[in-house]
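None of the values given here were measured: they were computed from a predicted structure. When a ligand or atom number is given, it counts from 1 through the structure's own listing order.
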Amino acid sequence: MSMMRAMVLDRPKTPLVLRERPVPAADAGEMLIAVSACGVCRTDLHVVDGELEHPKLPIVPGHEIVGRVAGIGAGVDGFSLGERVGVPWLGATCGVCPYCREGAENLCDAPVFTGYSRDGGFATHTIADARYCFPLGESGGDAEIAPWLCAGLIGWRSYRMAGPGKTLGLYGFGAAAHILAQVAAWQGRRVFAFTRKGDTAAQDFARSLGAVWAGASEDAPPEPIDAAIIFAPVGALVPLALRAVKKGGRVVCGGIHMSDIPSFPYALLWEERHVMSVANLTRNDAREFLDVAPKAGVRCEVTRYPLARANEALSDLRDGRLQGAAVLVP
Ligand SMILES: [Zn+2]
Ligand SMILES: [Zn+2]
């Protein structure tokens with residue numbers, strides 16, 4: 001029996017543990033994927049830190065998976081052995097709830113999430129529902145593409161929700177923002193990057209990727225902006241972003257978890273400003289982004305970690321020691 005390795009979370013707030021287990025077989029509708037790279041997302045951190053309730057336990061985190069098809073279950077069409085594919089956060093949906101029927105499968109009442117309710121990609125192998133996998137083609141490196149699978153896809157959904165305005169603020173300049181800044185600049189938009197006060201490295205990084213201005217989150221941008229997307233899990237950024245957007249402007253919260261939003265004067269919301277959140281992704285978001293990203297020439301800055309050092313990658317992300325995205329390579 002061939003064996004695989006996985007970094008396993010037994011209980012929230014404990015380190016992941018490296019385990020060997022037999023390589024599973026793909027059931028009907030599934031594929032076995034040999035993982036080439038898996039990005040580390042802030043959502044993984046929320047699972048490990050116990051900020052997202054009721055994960056399947058034990059769980060293998062990781063939902064920015066790039067790998068090769070190593071086994072194909074009965075009834076799967078359209079994929080071939082050895083093909084490079086991506087597996088995102090949206091692992092499966094029910095297809096029958098009102099949300100699924102209305103094309104809002106991101107809001108499905110009975111979803112399966114990769115690395116949360118089914119085992120993910122912090123491993124040498126994983127099983128995925130083939131209907132939620134995407135062909136990735138052969139251009140671009142595995143590690144450089146891995147962050148596309150969540151930071152890119154959910155970032156793209158957030159970006160669409162922000163509307164077509166020409167000026168866009170990005171709060172928290174991590175993996176998602178560093179991808180979107182490139183897309184926005186390519187589309188001729190003006191990007192304003194907001195980071196932790198004094199984080200000049202992140203501000204320089206943002207400018208190097210096309211931001212026309214970078215400063216602290218508490219700073220006013222040099223001109224009012226059409227929309228803002230908040231990627232940092234910090235509720236206090238909501239009133240700050242509302243203060244920065246124009247009349248009718250949108251503030252999109254792109255994360256799955258945020259600290260409490262402090263109370264703020266109604267005047268900040270007045271004049272038809274909007275605050276909204278983005279939840280998960282649809283397969284259509286994925287198809288759109290995977291089409292746009294190569295055209296926009298999106299390049300991810302990644303820091304690679306061997307699989308066994310997943311805990312170190314998580315703590316570097318938690319402590320803000322990373323520029324761009326962390327990626328595990330088995
Ligand atoms: Zn559903
Ligand atoms: Zn994610």
Checklist entry - Between Asp10 and Arg19, is the closest basic N to carboxylate O distance under 4.0 Å? => result yes
Checklist entry - For Tyr132 and Thr93, does a side-chain donor sit closer than 3.5 Å to a side-chain acceptor? => result yes
Item to check | Atom name, His63 (N, O or S, nearest to the Zn ion (ligand 2)) | outcome: NE2
Next on the checklist: Strictly below 4.0 Å, N to O, side chains only: are Glu51 and Lys13 in salt-bridge contact?
Outcome noted: no
Item to check | Opening angle between SG in Cys97 and SG in Cys100, taken at the Zn ion (ligand 1), to 10 degrees | outcome: 110°
Item to check | Opening angle at the Zn ion (ligand 1) [SG, Cys94; SG, Cys108; to 10 degrees] | outcome: 100°
Checklist entry - Between the side chains of Thr282 and Asn106, does any donor sit under 3.5 Å from an acceptor? => result no
